[in-house]
Amino acid sequence: MEENNNNNFVEAITDKSVDFKRWYTDVIIAAQLADYSPIKGCMVIRPYGCSLWENMKRFLDKKIKDTGHENAYFPLFVPESLLAKEAEHIKGFAPEVAWVTHAGQEKLEERLAIRPTSEAIIGSMYAKWIDSWRDLPILINQWANVVRWEKVTRPFLRTTEFLWQEGHTVHRTEEEAEEETLKMLEVYKDFMENDLAIPVYIGRKTEREKFAGALRTYSLEALMSDGKALQAGTSHNLGQYFAKVFNITFQDMDGERKFAWQTSWGVSTRLIGALIMVHGDDSGLIMPPKVAPIQAVVLPIWGNKTLEGAVEAKVKEVGEILADVCRFKVDDRREHTVGWKFNEWELRGVPLRIEVGPRDIEKNQVVLVRRDVRKKEFVPIEKLKDKVTELLNEIQKNLFEKARKFRDNNTREATNFEELSSMVESKQGFIKACWCGSEDCEMKIKEKTMATIRCIPFEQKNGKCVMCGKNGPMVYFAKSY
RNA sequence: CGGGGUGUAGCGCAGCUUGGUUUAGCGCGCCUGCUUUGGGAGCAGGAGGUCGGGGGUUCGAAUCCCUCCACCCCGACCA
């Protein structure tokens with residue numbers, strides 16, 4: 001345990017620079033976002049983490065509904081016969097599907113898969129519900145848990161069971177489906193950048209990286225502060241693949257029976273992992289104010305016995321002022337000193353700290369300290385309300401700007417393979433480079449550098465493939481999670 | 001799923017090489033009381049362990065052997 005009187009008061013967590021991966025799990029455990037469970041690969045999301053997820057859900061759920069979607073809930077189980085109907089899709093998931101084979105002692109007549117995703121079960125229902133072009137579009141979203149038996153798991157980033165939302169829509173035309181796919185990509189981008197303060201690059205996935213069974217997959221790619229990229233969300237144009245498998249047809253305006261066009265899109269609790277790795281520092285988490293479970297923590301500093309009553313009264317007054325301003329918590333625990341609490345709440349990433357002590361009572365003020373820049377301010381009680389609102393907004397903006405600058409500063413351009421290779425090796429981050437479009441070159445680059453094509457952005461300038469020299473689009477390469 | 005590492009109190013560790021003065025210990029945390037509180041407080045007293053599970057060797061196993069499990073790191077696969 002190292003002693004340091006200036007900056008490093010945190011004993012519980014490893015420094016980011018020393019061991020980023022360990023820092024990541026240390027922070028999660030110490031901040032009580034989650035904990036390991038007795039089940040391999042499964043974690044418990046503790047109240048603090050759950051509250052964060054609920055806040056994230058609230059923002060995203062509203063955006064999903066504002067774009068015309070409704071929530072529904074489909075079964076956890078998928079009969080084997082249904083899942084087996086299509087080959088390509090299930091081939092992508094087969095190794096990670098968990099099966100229910102028994103009910104009590106009795107063997108089931110048909111095995112039930114625990115959904116790794118819900119295309120099959122939802123597709124089978126859509127076939128029942130759709131008959132005419134007038135039934136379209138169907139715009140449904142579900143918040144659910146899914147299970148994928150992963151070999152390697154890490155809290156939030158990849159767990160055996162995880163929480164997510166999956167949108168499943170059906171459209172009359174290919175154009176409409178494509179429009180929906182891209183619309184939701186934008187909804188996600190808006191959510192990630194404005195609510196989570198996580199800047200993302202968006203673009204199309206390569207054939208190799210796309211969702212099993214999809215026509216086209218689009219993704220949002222974020223840069224973690226260790227220089228590795230993280231796929232933060234995906235939106236798929238499923239084409240007519242599942243429609244053909246599950247016989248989702250409708251009679252069109254022209255009287256002809258046609259296969260429907262589908263999309264699916266999802267983001268998961270992995271976003272919590274992203275949030276931790278984008279904003280956190282050596283002292284712990286930093287929560288973007290919009291989704292922070294606690295936006296401000298009020299800490300009474302008791303002083304000597306004769307002043308306690310006055311401090312208590314002032315804390316109560318502060319509480320009343322903040323009541324409809326932000327989500328706050330008064331930490332009046334007696335068992336810890338105030339210094340201890342400073343560190344504790346910094347570790348847990350609360351954006352604003354409000355100190356109320358004997359010296360403040362005389363001046364009718366409080367002390368505000370920002371978590372992101374640790375700046376201290378003395379604020380008169382009558383200005384508290386406006387100041388808190390202002391600071392929370394500023395912190396939200398600052399976190400995004402900081403992350404965007406980091407991402408931009410770590411996005412480099414390579415014109416040939418040697419440059420690409422040395423950039424991956426020495427700097428990490430995103431690397432813009434041209435690629436001919438062949439899987440062959442994609443694989444070669446991956447094998448030689450460990451970097452993969454994260455996405456092909458929409459705004460294009462073509463150039464020579466860093467591998468073979470043929471003409472092709474500029475893409476983002478990165479080592480990724 | 002391959003390669004490596006770890007597993008002793010809630011957490012971090014020592015003890016293991018060379019089996020027996022160990023009744024398994026230390027720091028932090030925890031409980032009780034008093035004093036404290038503007039950047040991880042002090043004193044006093046106290047609770048807490050089938051040494052990851054199972055099997056074996058031995059008069060005797062935390063210590064040696066086998067096996068299983070979990071977690072971490074590095075690779076192949078994925079949100």
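Every chain is numbered from 1, with letters handed out A, B, ... down the list of sequences.
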For [N], give the paired nucleotide (Watson-Crick: N1-N3 plus N6-O4 or O6-N4; G-U: N1-O2 and O6-N3; both under 3.5 Å), or none.
N     : value
B/A14 : none
B/G60 : none
B/C1  : B/G75
B/A44 : B/U32
B/U21 : none

Atom-to-atom span, [atom1] of [X] to [atom2] of [N] - whole angstrom:
X        : N     : atom1 : atom2 : answer
A/Trp302 : B/U37 : CH2   : P     : 13 Å
A/Trp149 : B/C77 : CH2   : C1'   : 17 Å
A/Arg371 : B/G39 : CZ    : P     : 17 Å
A/Ile13  : B/C28 : CD1   : C1'   : 17 Å
A/Tyr481 : B/C74 : OH    : P     : 9 Å
A/Met43  : B/A70 : CE    : P     : 18 Å
A/Glu355 : B/G39 : CD    : P     : 8 Å
A/Met450 : B/G75 : CE    : P     : 6 Å

(request) Kindly indicate whether the side chain of A/Arg148 and the base of B/C78 share any N or O donor-acceptor pair separated by less than 3.5 Å? (result)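 Checked by distance alone, the answer is no.
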(message) Can you tell me whether the side chain of A/Ser268 and the base of B/A79 have a donor-acceptor pair closer than 3.5 Å?
(response)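 Counting by modelled atom types and ignoring angles, a donor-acceptor contact under 3.5 Å is found here.
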Looking at every strand, decide which applies to [X] at a 4.0 Å heavy-atom threshold: base, sugar-phosphate, or nothing.
X        : answer
A/Leu230 : nothing
A/Lys21  : sugar-phosphate
A/Gly266 : nothing
A/Thr160 : nothing
A/Arg115 : nothing
A/Pro300 : nothing
A/Arg22  : nothing
A/Gly273 : nothing
A/Val367 : base
A/Asp360 : base
A/Arg353 : base
A/Val152 : base
A/Thr234 : nothing
A/Lys446 : sugar-phosphate

(request) Would you please determine if the base of B/A79 is stacked by A/Phe162, with stacking meaning a centroid separation under 5.5 angstrom and planes under 30 degrees? (result)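 Stack criterion met.
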Taking only the [atom1] atom of each, what is the distance from [N] to [M] in whole angstrom?
N     : M     : atom1 : value
B/U6  : B/C43 : P     : 36 Å
B/G52 : B/C72 : C1'   : 15 Å
B/G56 : B/G2  : C1'   : 29 Å
B/U22 : B/U63 : C1'   : 12 Å
B/G46 : B/G29 : C1'   : 14 Å
B/G10 : B/U58 : P     : 34 Å
B/G5  : B/C31 : C1'   : 36 Å
B/C74 : B/C11 : P     : 23 Å

(message) Strictly below 4.0 Å: does A/Lys151 bring a side-chain N or O up to OP1 or OP2 of B/C74?
(response)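 Result: no.
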(request) List the atom of A/Ser37, the atom of A/Cys42, and the distance in Å for their closest heavy-atom pair. (result)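 In terms of heavy atoms, the two residues are closest at OG-O, 2.6 Å.
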(message) If only side-chain N and O atoms count, and only distance matters, is there a donor-acceptor pair under 3.5 Å linking A/Thr67 with A/Lys183?
(response)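 No pair is found: no donor N or O on one side chain lies under 3.5 Å from an acceptor on the other.
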(message) Looking only at the side chains, is there a donor atom on one of A/Asn304 and A/Thr306 sitting less than 3.5 Å from an acceptor on the other?
(response)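 Yes.
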(request) Answer whether the closest heavy-atom distance between the side chains of A/Val350 and A/Arg371 falls below 4.5 Å. (result)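 No, their side chains stay 4.5 Å or more apart.
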(request) Would you indicate which nucleotide in B/G39, B/A79, B/G38 comes nearest to any side-chain atom of A/Ile301? (result)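 For the A/Ile301 side chain, the nearest candidate turns out to be B/G38.
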(message) Of the listed nucleotides (B/C78, B/G39, B/C71), which one gets closest to any side-chain atom of A/Tyr36?
(response)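 Nearest nucleotide to the side chain: B/C71.
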(message) Among A/Lys63, A/Glu180, A/His168, exactly one meets side chain to side chain donor-acceptor pair (under 3.5 Å) together with A/His69. Which residue is that?
(response)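 Running side chain to side chain donor-acceptor pair (under 3.5 Å) over A/Lys63, A/Glu180, A/His168 with A/His69 returns exactly one hit, A/Glu180.
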(request) For a side chain to side chain donor-acceptor pair (under 3.5 Å) with A/Thr217, tell me which candidate from A/Lys210, A/Arg204, A/His236 qualifies. (result)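 The side chain to side chain donor-acceptor pair (under 3.5 Å) with A/Thr217 is passed solely by A/His236 among A/Lys210, A/Arg204, A/His236.
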(message) Which is more 5' along RNA chain B, the nucleotide nearest A/Gly339 or the one nearest A/Trp164? Just name the residue.
(response)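 Whichever sits nearer the 5' end wins; that is A/Gly339.
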(request) Would you mind telling me which residue lines up with the more 5' stretch of RNA chain B, A/Thr337 or A/Cys42, judged by nearest nucleotide? (result)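 On the 5' side of the pair lies A/Thr337.
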(request) Just jot down the ring-ring contact (aromatic ring centres under 6.0 Å, His included) partners of A/Phe458, sequence neighbours excluded, or say none. (result)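 Partners of A/Phe458 by the ring-ring contact (aromatic ring centres under 6.0 Å, His included) criterion, ordered by chain and then number, come out as A/Tyr218.
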(request) Let me see the working for A/Arg115 and A/Thr117 under side chain to side chain donor-acceptor pair (under 3.5 Å), right down to the final yes or no. (result) CA-CA 5 Å; A/Arg115 62 182 164 215; A/Thr117 178; over 6 Å; no
(request) Output all residues satisfying side-chain hydrogen bond (donor to acceptor under 3.5 Å, both in side chains) with A/Arg348, sequence neighbours left out; order by chain, then residue number. (result)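 A/Arg348: no side-chain hydrogen bond (donor to acceptor under 3.5 Å, both in side chains) contacts found.
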